Every structure is written in structure tokens, then in C-alpha cells.
Amino acid sequence: MQDDFFQDSLRIAAERARRGELDRRDLLRGLALLGLAPATLHATDAAAQAREVVVVNWGGDAAKHFTTAWLDPFTRDTGIRTVMDGSGPSEGKMKAMVDSRRVTWDVVDTGSGTVLQIGSRYFEPIDYSIVDRTKVPQGFAWEFGIANYLFSYVLAYDRSKFRDKVPTSWADFFNFRDFPGKRTIRKDIQGTLEVALMGDGVPKEQLYPIDVRRALNKLRQHKNDIIFWPSGADSQTLLREGEVSMGSLWNTRVNALVRDTNERITWTWNQGILCPGVWSIMKGSPAGRELSSRFIASTQIPERQVELFKLFGNGPANAAAAPLVPSDLVRFSPGAPVNAAQQVQIQAEWYGENQTRVNDMFLDMLA
Amino acid sequence: MTIAAADRGPRGGEQAAYLVLLAPAVVLLVAAYILPVLGILVLSVTDPVPGLGNYERLLTSDTIHRVLWNTARVCVITTTLSMLGGFVLAYAMVNVGSGARQALLFAVLVPFWLSVLVRAFSFVMLLRREGPVNQALMALGLIASPLQLSRNEFGVVVGMVHYMLPYAVLPMLANMAGQDRRLVAAARGLGAGAWTTFRRVELPLCLPGIIAAGILVFVFSLGFYITPAILGGGRLIMLAEYISFNVLQNVRWGLATMLAASLLLFVFLLLGLLSRIADLGKLFGAR
């Protein structure tokens with residue numbers, strides 16, 4: 001895995017250098033991170049020189065669309081260079097970077113559970129004199145992170161697999177008699193535990209604190225009929241190719257499916273799980289807390305929030321952006337009031353406290 | 001090097017020159033391999049707290065037991081099937097004409113050069129519910145509804161055996177090609193039937209190749225990561241994936257490094273045990 005990471009980083013660095021997005025200094029710093037270049041290039045040197053913001057997300061189309069919606073406009077406004085790195089800010093990589101004091105990332109696209117679990121050790125506090133915490137839904141701004149967009153886990157299904165009725169709730173999701181076919185759920189606890197509990201009859205208002213045993217038992221009971229998707233792309237393939245008849249998918253992937261299949265695949269917002277994507281600032285970020293916070297504040301501008309939504313389906317986190325969403329696209333927006341009302345908002349605090357312990361139990365159920 | 005040359009040995013000056021020539025390789029190996037491995041060993045007894053707590057989990061954790069059992073089961077099945085298939089292929093190769101042998105060798109080697117990722121995804125496409133294999137079986141009337149061929153243990157074993165087959169064929173082929181085929185003729189001439197000849201003459205001669213192939217395949221299988229992750233449908237967690245999960249997502253490096261160190265130790269033990277019953281250098285083709 002480490003090898004994969006190194007190779008991937010090298011590949012990305014080489015690719016960017018080729019495209020001229022990365023100068024020699026960046027390349028050297030990148031190599032230093034991998035332990036391949038002179039040790040004199042420490043984070044402190046980098047900090048003194050840095051007038052750029054390195055933004056890290058999970059790659060794929062997201063890297064492209066973040067650049068268009070957020071990075072390029074920031075550079076236009078300020079003249080400060082931005083660099084998009086799609087190698088994925090997993091907790092392990094961030095720990096490696098901060099512990100070895102060779103931080104080259106500034107702003108990372110992470111999750112609420114991560115912020116609450118490791119934020120105080122690996123992230124800088126958000127500068128709330130620069131970033132406006134009232135521009136995100138209540139409960140989605142924390143000391144070490146703030147929502148940048150919204151996404152949902154929703155029930156998506158293949159209409160061609162069912163004759164007269166369509167599934168409308170997670171109870172239907174686990175009803176294999178009336179709704180034949182395999183299911184797919186994310187190979188992760190986030191969203192999955194909530195799906196299992198609602199499928200077992202827990203009302204959406206009473207999900208937290210999560211009854212982990214009950215949720216895992218529900219999944220264990222139907223394990224043979226569930227395929228656990230490791231990446232968003234997989235979930236999309238499973239439904240498109242008819243391998244499963246229903247799935248708990250990210251709404252962004254559902255958008256693509258709805259368009260690709262001419263609405264053969266569709267979805268319901270009912271009992272969806274509304275989650276924030278989260279900006280955090282790496283501890284020891286070369287760009288620094290102030291500049292990084294300025295970048296974050298710039299992504300809250302309503303037009304830019306809507307731009308990302310149009311490109312990629314990540315819903316605006318800033319409520320002021322809602323009126324700017326074109327009316328024919330409102331049905332795709334997870335945070336639009338009419339859609340949000342049917343959903344449940346994820347409780348990040350629960351994940352912050354329980355994530356590691358429950359991850360183990362989840363893996364135990366799978367293995 | 002002949003025995004006589006070895007006995008004479010290089011003179012002192014020559015030996016120093018050899019050592020200097022060897023130095024870059026040694027330095028590279030120590031810096032890029034031995035030191036990081038030591039780092040892993042250290043981490044396994046210091047993170048999150050100093051002590052043997054991580055190793056205790058090897059004995060007490062049900063999850064780890066299940067992951068180890070998955071790994072052992074899949075690896076044993078893979079090794080057995082690869083060796084059976086590999087033996088048949090290698091045996092056929094030494095017993096057919098040179099043209100057919102070239103064709104067989106080519107067929108074995110082509111997948112050997114393909115990326116493991118490409119192969120795993122190819123199998124996903126071939127084995128999926130509405131994929132060509134299921135469609136062919138249904139068209140032939142052999143099955144009424146699609147079989148679940150991938151995203152389960154069956155799919156993982158198919159993918160792993162396909163990956164491992166060349167590793168089984170090549171050592172066995174090298175061994176068989178080096179055998180004196182006249183021994184078979186001699187055995188037949190002395191009145192042994194085909195089966196007796198195979199059992200009493202050919203099989204014992206093939207044994208070093210079989211053992212080498214077995215170890216090679218088993219040791220390689222232990223570290224499989226991509227194939228089970230893609231073809232297992234998320235429901236078959238093997239050791240490598242569990243380690244990666246604990247490095248990247250759960251950030252429990254003590255636990256992950258403990259498992260990595262234990263795996264390394266287990267492989268060394270396996271090889272050590274084997275070196276007592278066979279000459280490892282010879283098995284893997286060193287002279």
C-alpha cells in the first residue's frame with residue numbers, strides 16, 4: 001500500500017511537472033516527502049517560500065471540477081497560485097506527513113468524523129475571523145474543519161428490475177421478497193449503519209447514538225445478498241450493469257447514473273443521509289492558517305458553490321446559494337430544503353467518538 | 001564456478017576489490033530495505049504504547065483470526081489448484097513437440113506480463129451476472145439463471161489461480177526440462193507400466209520442482225491485495241487489505257506493523273523449515 005502511495009505520488013508529480021503545473025521546487029519538495037531528495041528541504045524552508053495553496057481531494061473528476069469551480073477563481077482574485085492534488089487525504093497519509101514534519105499540503109477535503117477524531121492533532125484551527133461559520137448549516141462547522149459542500153447517501157434503484165411497485169424506504173431495501181435482486185452498500189461505516197438501522201425499523205429521528213450491534217446484525221443477516229462497494233465508481237458500475245437492483249449510493253454517482261441510463265436508474269431522497277464534505281487545514285501547512293482560511297472563505301461564495309454543484313453534483317453548503325440553483329436541477333441538490341426535509345443529518349460527533357472502535361467491528365462483520 | 005576454482009579462492013587484493021564492487025548493492029539494500037523493515041518491527045512494539053500489546057491481539061482478536069483464516073484458506077486453495085494446473089501444463093510442455101511447446105509457453109507467459117489490475121477487472125467483466133461466461137452457460141442450456149461467479153470467494157480464487165499459474169508452471173518446467181527423458185524409456189523397457197513409471201520414476205524426479213512451485217505460489221498468495229479487494233465483493237477481507245486498512249484509514253500502525261512483521265516472520269519460518277528438507281538454492285535455480 002505504501003508502495004502504491006509512493007508510486008501514485010510520483011506519478012502525479014511527474015504528470016504535473018510535464019504539464020508545467022509544477023515547477024522544480026515543488027517537484028523537489030514532493031520528492032522530499034517521499035524521502036527521496038536532500039533533507040535540507042524542510043517544511044520551514046518551504047513555508048518561507050510558499051505563496052501558493054495546495055488543495056488535496058480524492059481525485060478523479062472531482063480534481064478537475066474543484067479546480068474549475070474553486071481553485072482557478074481564487075487565483076484570478078488574488079494572484080496566488082493554487083495546486084490541485086488528487087491523491088486522497090486519508091488519515092494515514094496525513095499522520096505520516098505531520099509526524100515527519102514534512103507537510104506539503106495546505107487545505108484538505110476530509111470528513112466530519114475525521115475532523116472530530118484527529119483534528120486537534122493534525123489540523124490547524126479554522127480562522128473564523130476570515131471564514132464565516134454562519135454560511136453552512138448549523139452543526140457543520142467545527143474548530144478544525146468546516147463544511148465545503150453537501151452530499152447524501154440515497155436509495156438508488158433500477159426501475160427495470162421491479163414491475164409495479166418501487167422501493168421508497170430502507171425497509172424496502174431489506175425486503176428481498178417484494179424487491180428481488182442484490183444490493184450494494186458502501187464498504188464503510190458512514191451512512192451504512194444508518195441505512196441498516198432504518199431498514200430495521202428505527203425512525204430517522206432516533207438513530208443517534210447508533211445501536212451498533214443492531215445495525216451490524218442487520219447487515220450480517222443479509223450479507224450474502226449485499227456487495228460492499230469500495231469506491232464510488234464501483235457503485236455506479238454495479239447498478240449500471242444490472243449486477244444489483246438497489247444500492248445506497250452517493251447522490252453524485254446517482255446523478256451520473258440517471259443521465260447515463262436515461263432514468264432507468266433513479267432514486268429517492270426519503271431517509272437519505274445528508275453529510276458534509278469538510279475543509280480542514282493541515283497542521284504546519286506551508287501556506288499557513290491565514291492564507292488557507294482565505295482560500296476556504298472564497299469557496300463559500302454562492303456562485304462558486306453552485307458552479308461545483310452544476311459540474312459535479314456536490315450540493316452547496318451555503319444556504320445563500322440555494323436561490324441560484326437552476327429550477328430544473330433542484331431535484332438533484334441534496335441540501336435544497338425540499339430534499340433536505342426528507343433526509344436525516346449525519347451526526348459527526350458520534351463518529352468522532354466511535355469511529356475507530358466501530359470500524360473494527362464493521363470489518364469483523366465483513367471478514 | 002567449479003569446485004577446484006572455489007578451493008583456490010581469490011587472493012586478498014582481489015577479495016577487497018570484490019567487496020568494493022559489492023558495496024553499492026549492500027548500501028542500497030540496507031538503506032532502502034533493511035532499515036525500513038527494522039522501522040516496522042520497532043513500530044510494532046512501540047505504537048500506541050511500548051510493549052507486546054499488539055502481538056497479544058494476534059492471539060486474542062476474533063477479527064484477526066477470521067482474517068488469518070480467510071487468508072490461509074484462500075492461499076491453500078489457490079496453491080493447490082495452481083500446482084495441479086501447473087503440473088499438467090508443464091508435463092504437457094515437455095512431452096509435446098517443440099512447436100506446440102512454444103505455443104503453450106507463449107500462452108502461459110502472455111497473462112504473466114499483464115498488470116494484476118487489468119486482469120482483476122477483466123475477470124469482473126467476464127464473470128459478472130450478465131457477462132459472457134454466464135450468457136454462454138445459459139445459451140448452452142446448462143443453467144437457468146446466472147450464477148454468482150464473482151464478488152465472492154469463487155471469483156477471488158479464479159483471479160488468484162490465473163495470476164499464479166505461470167509461477168507454478170515455470171519452476172516445474174525448468175525441473176522437468178532438466179530431466180533425462182531416457183529414464184522413462186529405461187523404466188518402460190524394464191517392464192514398468194505407464195502409471196508405475198510415472199509414480200516411481202517421473203514423480204520423484206519432479207518433486208523438487210513441485211516443492212519450489214508450491215512455496216513460490218503460497219508465499220506470493222499470502223500478500224495478495226488487489227485481486228481479493230476487487231473480485232471479493234468487499235466480503236472477503238484478506239491480510240494485506242486488513243493491514244492497508246489499518247495503515248491508511250484506521251491509523252492503527254502498531255497493529256498493522258505487527259501483522260506485517262508476523263507475516264514476514266511466518267514466511268521466514270516456512271522457508272527455514274523447507275531448507276531442512278530441500279536445498280533452497282537449488283530449488284530456485286541458483287547454482
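Throughout, protein chains are lettered first and strands after them, A, B, ... in sequence-line order, and every chain is numbered starting at 1. Just so we're clear, the structure is a prediction, and the values are computed from it rather than from any experiment.
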Check [X] against [Y] and note the closest heavy-atom contact, atom names and distance.
X: D364(A); Y: R66(B); result: O-NH1, 3.1 Å
X: S90(A); Y: L248(B); result: OG-CD2, 3.5 Å
X: A367(A); Y: V67(B); result: CB-CG2, 4.0 Å
X: W253(B); Y: G92(A); result: CZ2-O, 3.3 Å
X: S150(B); Y: E243(A); result: OG-OE2, 4.4 Å

Quick one: are [X] and [Y] in side-chain contact, heavy atoms under 4.5 Å?
X: L238(A); Y: R151(B); result: yes
X: T63(B); Y: D360(A); result: no
X: Q249(B); Y: D188(A); result: yes
X: I118(A); Y: V251(B); result: no

Relative to chain A, which segment of N70(B) carries a heavy atom at a distance below 4.5 Å: side chain, backbone, both, or neither? side chain

With rounding to the nearest 0.5 Å, note down the distance linking [atom1] in [X] to [atom2] in [Y].
X: R235(B); Y: N224(A); atom1: CZ; atom2: CG; value: 6.5 Å
X: F245(B); Y: L366(A); atom1: CZ; atom2: CG; value: 9.0 Å
X: F362(A); Y: N250(B); atom1: CZ; atom2: CG; value: 12.0 Å

Which residue out of [options] racks up the most heavy-atom pairs below 4.5 Å with chain B?
options: Q355(A), Q117(A), K187(A), K223(A); answer: K187(A)
options: K182(A), M365(A), M361(A), E91(A); answer: E91(A)
options: T114(A), L363(A), T184(A), T237(A); answer: L363(A)

May I ask you to check whether over 12 heavy atoms, not counting those of E241(A), lie within 6.0 Å of atom CD?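 Check passes, neighbour count above 12.
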
